[in-house]
Amino acid sequence: MPRVFSGIQPSGELHIGNYLGAVRNWVQLQDQYECIFSIVDLHAITQPYEPGELSARTLEMAIGLLAAGLDPDKCTIFVQSHVPQHAELMWMFNTVAPLGELERQTQFKDKSSRMESVPAGLLNYPVLQAADILLYRADLVPVGEDQLQHLELSREIARRFNARFGVDFFPEPKPLLTPGTRIMGLDGEAKMSKSLGNTIGVLESPEAIWEKLRPAKTDPARKTRKDPGNPDVCNIYSLHKHFSDGATVTDVATRCRGAAWGCLDCKRVLADNMIAHLAPMRERAAALRDRPERVRAVLEAGAEHCRRLASRTMAEVGRIMGFLPPGM
Ligand code: SF4
């Protein structure tokens, strides 16, 4: 069965952008492939972060993933730093990764342009991503359009390693394009992201969801209730498509174009549908929070499985690269 690898940062809160853009798809993939999903804390530390919060955010992300439907009987879930071979293989790959390509990565250019002092870890982020995927010799990686460039670099690193050492060891992982993935934030201006503060958490209370939706950006043409709008430029309408049924979506568009209701009415319907959709996840999360030892056991079993797979890969990498085996 083809192997799938993907990762998510421990931002603490699984928000609807993560959920609709990636995790909902993972829940389906676990029934079709051998899936390995990682909470990538080693990636998270390439950006400014609070050390005192990292472990709680990691655990909270694990709860979010399990509540969203990842099933440890069907897939492997683990924390990246619990498998030290990720950093080890990254170092090996640093010797074949092309510096020019790393400097050309859009995400590096974007993030580094906002920093006074750029850490080398930010530049090497895609090398760690290549190590994440290739450590398990994964066949497929679920990605959105905006991550294709990083995946191409992983493929390039696999090719360069194989060519440099004259082997056919690492497969070139292929993209599994995630349908309909770019979820905009509540500001309607940028992709939904915890760091931009424009998110709704999957596990938030009904009251909090409404408080966040109420002031969310809509079509600016609707200055008053009497102004007709264009749902196609409104993020609230996009969210309806994910959380409301087909008849409601059609009705929303008609009422918007005909100025038959206000944006607040439209948002209230969305809020009710969103709250109902997310309710089972909230309930599962509450049960998991009552039993944190169960979550820790899932992560430890996942890490143990991954360490076993990773040590096989690293033994072979050491042999290919010509290291003296330990104990010889
Ligand atoms: S009525 Fe709904 S779809 Fe139209 S602009 Fe307002 S919030 Fe957006």
Side-chain angles (χ1 to χ4, degrees), residues 8-9 11-28 64 67-69 110 142-147 177-285:
I8 189 164
Q9 293 235 7
S11 55
E13 170 196 65
L14 179 69
H15 58 68
I16 59 171
N18 305 135
Y19 174 64
L20 298 172
V23 176
R24 187 177 53 168
N25 187 39
W26 294 3
V27 174
Q28 310 215 321
D110 180 39
V143 285
E145 297 273 355
D146 55 344
Q147 296 143 339
L177 268 180
T178 309
T181 45
R182 197 173 162 82
I183 307 299
M184 299 297 282
L186 298 177
D187 52 10
E189 281 165 16
K191 190 173 161 178
M192 190 172 280
S193 159
K194 182 88 192 289
S195 60
L196 297 175
N198 61 6
T199 63
I200 291 183
V202 163
L203 306 178
E204 287 200 75
S205 68
E207 298 75 29
I209 289 176
W210 176 237
E211 281 313 306
K212 286 188 171 177
L213 270 183
R214 217 162 43 144
K217 190 98 166 271
T218 63
D219 176 5
R222 294 213 71 191
K223 289 196 180 60
T224 72
R225 206 184 160 99
K226 289 184 190 140
D227 296 319
N230 176 6
D232 296 329
V233 301
C234 177
N235 194 32
I236 298 298
Y237 181 63
S238 305
L239 291 172
H240 266 295
K241 288 185 195 162
H242 290 289
F243 292 104
S244 301
D245 61 33
T248 305
V249 172
T250 308
D251 192 45
V252 166
T254 309
R255 284 171 185 259
C256 178
R257 291 200 171 94
W261 67 355
C263 288
L264 217 51
D265 306 319
C266 182
K267 289 172 176 176
R268 187 64 252 180
V269 172
L270 173 63
D272 290 344
N273 291 341
M274 192 183 277
I275 289 162
H277 187 100
L278 300 176
M281 295 182 215
R282 253 191 329 273
E283 281 163 24
R284 280 198 291 269

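Both counts, for ligands and for their atoms, begin at 1 and track the order of listing. It should be emphasised that the depicted structure is a prediction, and the values quoted were computed from it without experimental measurement. Note that these values count all heavy atoms, side chains included, but never hydrogens, waters or copies made by symmetry. For reference, positions follow the sequence shown, starting with 1.
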* **Whether Cys266 has an N, O or S atom under 2.8 Å from atom 8 (Fe) of ligand 1** => no

* Does Gly229 come within less than 4.0 Å of ligand 1, judged by its heavy atoms? -> no

* Does ligand 1 have any atom sitting under 4.0 Å from a heavy atom of Lys267? ->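 False for this residue.
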
Quick check: does any side chain N or O of [X] sit under 3.5 Å from a backbone N or O of [Y], one acting as donor and the other as acceptor?
X	Y	result
Arg255	Gly258	no
Asn273	Leu270	no
Asn235	Gly185	yes
Asn25	Ala22	no
Lys194	Ser11	yes

For [atom], what is the nearest protein heavy atom, given as residue, atom name and distance?
atom	answer
atom 7 (S) of ligand 1	Thr218 CG2, 3.5 Å
atom 4 (Fe) of ligand 1	Cys256 SG, 2.3 Å
atom 1 (S) of ligand 1	Arg222 NH1, 3.1 Å
atom 8 (Fe) of ligand 1	Cys234 SG, 2.4 Å
atom 6 (Fe) of ligand 1	Cys263 SG, 2.4 Å

* Please report the shortest heavy-atom distance between Ile236 and Ala216, naming the atom on each side. => CD1-CB, 4.0 Å

* To do: Report the distance from atom NZ of Lys191 to atom OG1 of Thr199, rounding to the nearest 0.5 Å.
  =>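 Taking NZ in Lys191 and OG1 in Thr199, the distance rounds to 13.5 Å.
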
* Establish, from distance only, whether the side-chain atoms of Asp251 and Thr248 form a donor-acceptor pair under 3.5 Å. =>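 Their side chains do not contain a donor-acceptor pair, so the 3.5 Å distance test is not met.
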
* To do: Kindly confirm whether atom 2 (Fe) of ligand 1 is within less than 2.8 Å of some N/O/S atom in His240?
  =>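 It does not; every qualifying atom lies at 2.8 Å or beyond.
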
Proximal atoms of ligand 1 relative to [X] (non-hydrogen, under 4.0 Å):
X	answer
Trp261	1 (S)
Asp219	5 (S)
Ile236	7 (S)

